[in-house]
Structures are given as structure tokens and as C-alpha cells.
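Notes follow once the structure below has been shown.
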Amino acid sequence: MKLFSLLSLILITLCLSACGKKETPPVEIAINPWPGYEFLFLAEQKGFFKEVELNAKLVQLGSLSDAQRSYVNGYTDGMASTVIEAVQAQVLGNKPLEIVMVPDYSNGGDVIIARKEFSNISELKGKNIGCEVSSLGIFLLQRALVKAGLSLNDVNIVNVEQMNGESLMQSKAIDAFVSYPPVSINILKQDKFHKVFSSAEIPKEIIDTISISKQALAQNPGFVPKLHKVWQMALDYHHSNPEDALKIMAQREGISSEDFEGVLSDLKVVNLEGQKEIFQSPEKLQQSVTEVCKTLVNIDAINANCEKLPNFVYKGAL
């Protein structure tokens with residue numbers, strides 16, 4: 001009888017272990033080097049994810065294009081990107097997403113760099129311009145050309161990833177390059193190159209976002225408020241411990257703390273109060289999404305009916 005009871009207890013224990021609730025895997029977010037995203041990296045490094053039980057993991061990649069491809073191909077559950085990549089991923093991918101955060105607006109951080117013999121965008125007519133054609137690069141280039149009375153047909157577009165831009169500028173394979181920190185910082189330190197256009201000339205058009213698949217959000221209730229909480233914790237840490245915060249963020253970018261601090265002046269970083277303002281009126285951000293979609297259609301970057309694009313801006317509580 002005792003043996004029977006013991007065997008029963010063992011069987012029950014094994015069953016409970018096998019049938020126990022499985023842990024939900026972390027939400028993997030693709031992130032590339034860009035100062036506006038670094039506060040999320042800072043939050044992870046300082047243990048804020050664990051502190052608020054945010055079930056997330058950052059996957060570090062080399063460029064915006066890499067992050068977008070990672071999400072579209074199903075390797076990650078979300079991505080840090082501009083609205084441009086978010087729109088493209090929504091149209092091209094098979095995983096519907098939601099924009100759940102706006103880390104910053106680029107206000108001069110995204111640039112077009114040219115050799116010194118070209119003093120402005122107009123002088124680049126007929127020249128070779130490098131950019132990430134499936135990403136932010138083609139959007140910024142198109143906006144710059146339009147403001148100069150030109151179009152994409154007036155230049156020779158060369159598909160160039162961020163890490164290859166400097167070498168191609170050095171060899172004169174391209175005459176100009178669409179870039180952003182940290183790559184742009186090192187290029188602009190050289191006297192033979194200079195900035196001929198920046199996102200400061202198109203304010204609030206380059207919106208950085210965090211987008212997560214709807215499936216991952218459904219599997220992780222409360223994920224978005226926790227994400228916003230760690231974001232504000234990182235901003236607060238930077239305010240109270242600037243030296244350590246800048247060192248951590250700049251190190252991942254591969255630049256000095258001084259350069260990183262300088263780049264922050266070209267961004268408008270959005271705190272929790274600003275996030276609430278954005279997501280309490282999601283129709284404004286959705287309108288920006290629609291306008292970006294129309295631009296991408298006009299330059300043949302995507303094929304979509306932008307007026308029928310589903311709303312994919314988060315509408316829950318923060």
C-alpha cells in the first residue's frame with residue numbers, strides 16, 4: 001500500500017512538471033545603432049527590463065535595413081525603426097504590427113553628405129548618390145531632391161548599406177551619401193566632406209518608432225506600459241547619472257561620449273508625458289503613417305492603397 005502511494009505521488013509530480021505552464025519566450029526587438037534608440041539599450045543594460053518584468057530582449061543589428069529584414073523574415077518580434085520601415089514592413093510582411101512607441105523625432109540627425117566640390121543638393125544632378133534604397137535613405141533623398149526642384153530620376157541611385165558608405169565616398173564611387181550617426185559622425189570629421197541636407201529641413205517627418213507584432217503583444221499582456229516605464233527609467237537615469245549613461249550608450253555606437261551628447265541635440269527625445277500625448281490621439285500619428293505611405297508609393301518603394309492601410313498605431317493605455 002505504501003509502495004502504491006509512493007508510485008502515485010511520483011506519477012502526479014511528473015505529470016505536474018510536464019503539464020506545468022511554459023514560460024513565454026521574450027519579445028525580441030531588432031535594434032540598429034542610432035542615438036534615439038540607445039535609451040532602450042541603456043534600460044536593458046541597467047537591469048530595468050528585469051526590474052519591471054518586461055519580457056523583452058534586444059537583438060543588435062547593423063542598419064535600419066537589417067532590422068526591417070529581420071522582422072519581415074520572422075527572425076524577430078519587433079523592431080526599432082523609422083515610420084518608413086514600419087510602413088514597409090506592414091505592407092510587405094506577413095506579421096501585422098503595431099507602433100507602440102515614438103522614441104524621438106530626427107531634427108538634423110539624418111543627413112546627406114557630399115564631397116566639398118558640391119555645395120548643395122542641386123549640384124548633385126546627374127551624380128551618384130548612395131543610400132539604403134529599401135529604407136529611410138530613399139525617403140530622405142527624395143524629400144531633399146524635391147525641395148531642390150529635382151526628382152529621383154535626376155540622380156544615379158546606388159544601393160549602399162551604412163557600413164560601406166565611407167569607403168565608397170573615399171574611393172569616389174559615389175558623390176554623396178545618405179547617412180546617420182554613428183556612421184555620419186566619422187565621415188563628417190573629414191574636411192573633404194560636408195553636410196548638404198538634414199532632417200532639420202523637414203521637421204517631424206522622420207519619426208522613429210518601436211513596432212511590435214500584434215501576435216507578440218497578444219501573448220504578452222501589459223507589455224506596452226512596461227516598455228514605456230523602462231524607457232522613462234532610462235531617461236531619468238541619464239538625467240541623474242549623465243556620465244555613466246552617456247558612456248554606456250556611446251560605447252555601443254562606437255563613438256565618444258562627447259560626440260554622442262552632441263548628436264542628441266539633433267533629436268527630440270520623447271519622454272513618457274510626450275508618449276501619452278501621442279498615443280492619446282493616435283489619429284495624428286496614423287495620418288503621418290498615411291502620408292509616408294503615399295510618398296513610398298510615389299517613389300515606387302511599395303505598392304499599396306494607402307487610404308485603405310489598416311490603422312496600426314497602438315491605442316491602449318500607457
Side-chain angles (χ1 to χ4, degrees), residues 30-42 61-68 79-89 99-114 121 129-147 162 165 176-188 194-211 231 234-235 238 249-250 252-253 255 259-271 274-275 277-278 284-285 287-289 291-293 295-296 299 301 313:
I31 181 173
N32 67 282
W34 166 254
Y37 308 146
E38 292 304 332
F39 291 97
L40 203 56
F41 176 72
L42 176 64
L61 298 172
S63 69
L64 281 167
S65 296
D66 290 337
Q68 184 194 60
M79 61 179 181
S81 73
T82 73
V83 167
I84 291 97
E85 289 78 30
V87 170
Q88 289 176 318
I99 296 174
V100 298
M101 180 183 285
V102 175
D104 67 274
Y105 296 94
S106 176
N107 191 36
D110 297 285
V111 296
I112 298 178
I113 301 169
I121 291 290
I129 302 180
C131 72
E132 293 175 277
V133 297
S134 63
S135 186
L136 164 69
I138 194 72
F139 180 88
L140 189 72
L141 178 58
Q142 189 265 355
R143 294 295 290 115
L145 291 169
V146 167
K147 288 180 74 69
Q162 282 299 299
F177 179 49
V178 183
S179 187
Y180 49 83
V183 173
S184 60
I185 292 174
N186 295 324
I187 298 177
L188 288 170
H194 72 137
K195 178 171 58 179
V196 292
F197 187 83
S198 85
S199 52
E201 297 180 54
I202 48 172
K204 288 198 172 184
E205 287 195 34
I206 307 298
I207 306 171
D208 287 303
T209 63
I210 305 295
S211 302
W231 177 259
L235 296 182
H238 171 245
M249 294 188 289
R252 193 183 87 93
E253 295 274 313
I255 57 179
D259 282 339
F260 187 89
E261 190 172 25
V263 171
L264 287 180
S265 65
D266 290 329
L267 311 179
K268 176 176 172 46
V269 178
V270 184
N271 62 16
Q275 300 289 344
E277 184 178 337
I278 291 169
K284 294 180 181 178
L285 182 54
Q287 183 58 40
S288 295
V289 166
E291 293 306 316
V292 165
C293 177
T295 299
L296 292 172
I299 62 177
V313 177

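Computed from heavy atoms alone, side chains included, the values below leave out hydrogens, waters and symmetry copies. Nothing here was measured: the structure is a model prediction, and the numbers come from that model.
In this structure, Val270 and Val102 approach most closely via the heavy-atom pair CB-O, 3.4 Å. Pro203 and Glu201 make their closest contact through CD-C, 3.5 Å (heavy atoms, listed as atom of the first residue, atom of the second, distance). Nearest heavy atom pair, residue Ala144 against residue Ile112, reads CB-CD1, 3.5 Å. Nearest heavy atoms, Gln88 versus Ala301: NE2-CB, 4.0 Å. For the pair Asn32 and Ala80, the tightest heavy-atom approach, listed with the atom from each and the gap, is OD1-O, 3.9 Å. For Tyr105 against Ile278, the heavy-atom pair with the smallest separation is OH-CD1, 3.7 Å.
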- Could you walk me through whether Leu64 and Tyr180 pass the side-chain contact (heavy atoms from CB on, under 4.5 Å) check? CA-CA 10 Å; Leu64 281 167; Tyr180 49 83; 3.8 Å; yes
- Does the side-chain contact (heavy atoms from CB on, under 4.5 Å) test come out yes or no for Val83 and Ser288, once each step is laid out? CA-CA 8 Å; Val83 167; Ser288 295; 5.7 Å; no
- Message: What verdict does the side-chain contact (heavy atoms from CB on, under 4.5 Å) test give for Glu85 and Leu136, after you've listed the backbone C-alpha separation in whole Å, the side-chain angles of each residue and the deciding distance to 0.1 Å?
- Response: CA-CA 7 Å; Glu85 289 78 30; Leu136 164 69; 3.5 Å; yes
- Message: Under the criterion side-chain contact (heavy atoms from CB on, under 4.5 Å), I'd like the reasoning laid out for Cys131 against Leu140: C-alpha separation, chi angles, the key distance, then a yes or no.
- Response: CA-CA 9 Å; Cys131 72; Leu140 189 72; over 6 Å; no
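Between Phe177 and Gln162 there is a side-chain heavy-atom pair separated by less than 4.5 Å. Looking at heavy atoms from C-beta onward, Val263 lies out of side-chain contact with Glu253 at the 4.5 angstrom threshold. Side-chain contact between Val289 and Ile99 is present, with at least one heavy-atom pair separated by less than 4.5 Å. A 4.5 Å side-chain heavy-atom check between Pro103 and Phe39 finds every atom pair outside the cut-off.
Note that CE of Met79 is 13.0 Å distant from CD1 of Ile31, once rounded to the nearest 0.5 Å. The line from CG of Leu267 to CG of Asp208 is 7.5 Å long, rounded to the nearest 0.5 Å. Rounding to the nearest 0.5 Å gives a distance of 3.5 Å between CD1 of Ile185 and CD1 of Ile255. Distance check: Asp104 CG to Tyr37 OH gives 7.0 Å after rounding to the nearest 0.5 Å. If you take CD1 on Ile210 and OG on Ser81, they are separated by 7.5 Å, rounding to the nearest 0.5 Å. Between the NE2 atom of His238 and the CG atom of Leu264 there is a distance of 5.5 Å, given to the nearest 0.5 Å.
In terms of modelled atom types and a separation under 3.5 Å, the side chain of Thr209 and the main chain of Ser211 share no donor-acceptor contact. Formation of a donor-acceptor pair under 3.5 Å by the Thr295 side chain with backbone atoms of Glu291 is found in this model.
Between Arg143 and Glu205 there is a salt bridge, since at least one side-chain N of the basic residue sits less than 4.0 Å from a carboxylate O of the acidic one.
Residue Glu277 qualifies as open at atom CD: its count of foreign heavy atoms under 6.0 Å is 12 or below.
Side-chain atoms of Ser65 and Gln68 form no donor-acceptor pair, as typed in the model, at a separation below 3.5 Å.
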